[in-house]
There are 2 protein chains.
Amino acid sequence: MSEKDSCIVRHFCHYSQLGADEKELLMSLEKGPVSLSAHEVLWEEGDLAGELCTISAGWAYSYRNIDDGSRQVLDVFLPGDVIGLREFAFTRRLSGVVMLTDGVVCRFPHRNIVDIFERSTRLTSIFFSISGRQQMMLTERLVNLGRRNAFEKTAHMVFELYCRLKRIDPDLGLSFELPLSQQIFADALGLSSVHVSRTFTELREENLLIRDRNRITILDEKRLESVAGFSEGYLEESLQSVLPEADLPGA
Amino acid sequence: MSEKDSCIVRHFCHYSQLGADEKELLMSLEKGPVSLSAHEVLWEEGDLAGELCTISAGWAYSYRNIDDGSRQVLDVFLPGDVIGLREFAFTRRLSGVVMLTDGVVCRFPHRNIVDIFERSTRLTSIFFSISGRQQMMLTERLVNLGRRNAFEKTAHMVFELYCRLKRIDPDLGLSFELPLSQQIFADALGLSSVHVSRTFTELREENLLIRDRNRITILDEKRLESVAGFSEGYLEESLQSVLPEADLPGA
DNA sequence: CGTAGGGTTGATAGTTTTCAAGTACAGTGG
DNA sequence: CCACTGTACTTGAAAACTATCAACCCTACG
């Protein structure tokens, strides 16, 4: 993996080593990066769905609006993530996506994914893994919403984001920026924003973490992980069992 | 689609028409069907994950056990469904799978999926769509757990199963077998079984549906759908936008 | 006839929401 | 530098929802 590898290439290398030709194929997806500001909309529920995108800088989230005026946040996307994968075979968007911070995304049509299916089994397997990993994160969220109380839910969400951020930046310390309002936490966890506020107060009183503005400071990593019922397994994966490593003339 | 098409072939035909060679490739996955009885375990959390399977008859469900002794049901699988897709790139199972009724499943190693990646772009796209559809169902469940009360949750779950059953059997009427105990409903919806009981009573008093033993009778389909906040979109998909139809010499 | 599993019902306790009022802070324009 | 404004957050009290515990019923089945 060289310095000039793009964000998506670095992301894919988590799964399997890539040959030079595969990197090239992959980078062809990342043509035309577009800068977006915080709060800008990538797409809305009901829009035609013909493309997906990668987010190479900044944060975003996806959500569904509910009839009664509330909404459910479905995913939080970090740099390197692929957005819109699950709508591959759908005509219209079933969830909206909005930037949380300024950032850069690269859009490409669904058709390009099919090109990859035709040209690289390894990249196909990786896309398939990413889809599986997104499913795993969703099932973990299902557990979080179904079987944990507000205290545990909140601890879990913070800890998951902490782990995902550390995968992107291994140097991340125990204090880091987390640009999510309490309302976003509430909409992701199925709580009211008022209760999220009380819950962060409680987490501070328990000396587990401090949230001040958009900064999280983890005070007791081990105990936070334990309170959250967190087990990292669902974020960890590899294709080694399925794919042989590439012989890498041009890695 | 001919009479002798296997269950998985019929299921895949929902997405795109298949050529004879593709059908054959697909059916090679369904070698060695195994009969299982109700309550039999396909695999448990922590088992090595090297294969997936299709369920060609009967019902199953997947679940995660929680430290505190409760559990979360993640999916309910009906005939034709693919089980274990999200663990494709994982070494170990992160959820257990158990039969709800007697049934028949076909196991095959992950490696066979990669073979399909190598040999048919169309089938690859379909597998990818199925993975996307499973994600869509999970996000719908997320909304259900996060933003609906017990009454709406239960209505939604019943209605989703009703729709999925009708896709398998278009002749399905408003009264049908649903082999899920109230405890399973509870574990799927993040409720206590006691409250599920009260909720079904309430649904009956509202003349929406009757649950007697394992039989559901829908009394007011339109109002049930509306109470549930149900919109079928997340179950509907096709690959027509992405893939041309096959020319079908041997369909 | 006895038993076990699943389901129902009532009383009580715990968790979370809602409503309402107030605080803190960043950005703006004077 | 200051007042003004909007957004995010905090706090309290009351209401709504759901869990828990315990007792009981019902039915299939040996």
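Protein chains get the first letters and strands the later ones, always in sequence-line order, with residue 1 at the start of each.
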Write out a two-atom table: protein N or O, nucleotide N or O from nucleotides 13-16 of chain C, distance below 3.5 Å.
from, atom 1, to, atom 2, distance (Å)
C:dT16, OP1, A:A150, N, 3.0
C:dT16, OP2, A:H195, NE2, 3.4

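- C:dG5 atom P lies 15 Å from atom CD1 of B:I184, rounded to whole Å.
- Taking atom CZ of B:F200 as the reference point, atom C1' of C:dT9 lies 17 Å away to the nearest angstrom.
- Straight-line distance from the CD1 atom of A:I210 to the P atom of D:dC9: 16 Å, rounded to whole Å.
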Going through the distances and angles, do A:E236 and A:R167 end up as a salt bridge (Lys or Arg N to Asp or Glu O under 4.0 Å)? CA-CA 10 Å; A:E236 307 281 358; A:R167 283 164 62 99; 3.8 Å; yes
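- The CZ-C1' distance, from B:R211 to C:dT8, rounds to 12 Å in whole Å.
- When heavy atoms are screened at a 4.0 angstrom cut-off, B:R198 is found touching base atoms of the nucleic acid.
- Spacing between atom CG of A:L203 and atom P of D:dC9 amounts to 15 Å, rounded to whole angstrom units.
- Applying the salt bridge (charged side-chain N to carboxylate O under 4.0 Å, His left out) test between A:E140 and each of A:K153, A:R148, A:R133 identifies A:R148 as the sole match.
- Here C:dG6 presents its P atom at 11 Å from CD of B:Q182, a figure rounded to the nearest Å.
- Using modelled atom types, one finds no donor on one side chain facing an acceptor on the other under 3.5 Å when comparing A:Y63 with A:E45.
- Look at A:R71 and A:D187 and you find a salt bridge, because one of the NZ, NE, NH1 or NH2 atoms lies within 4.0 Å of a carboxylate O, short of that distance.
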Could you go step by step and tell me if B:Y61 and B:F77 meet the ring pair (Phe, Tyr, Trp, His ring centres under 6.0 Å) rule? CA-CA 6 Å; B:Y61 68 99; B:F77 297 106; 9.1 Å; no
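- The CG atom of B:D212 sits 10 Å away from the P atom of D:dA28 (whole-angstrom rounding).
- Residue A:V194 is classed as a base contact, given a heavy-atom separation below 4.0 Å to a base.
- Here A:D75 pairs with A:R141 in a salt bridge; the nearest charged N to carboxylate O distance falls below 4.0 Å.
- Of the two residues near DNA chain D, A:R204 and B:R213, the one whose nearest nucleotide lies more 5' is A:R204.
- When the C1' atom of D:dG6 is taken as reference, atom CD of A:Q183 falls 16 Å away, rounded to whole Å.
- A salt bridge between B:D81 and B:R164 is present, with a side-chain N of the basic residue lying under 4.0 Å from a carboxylate O of the acidic one.
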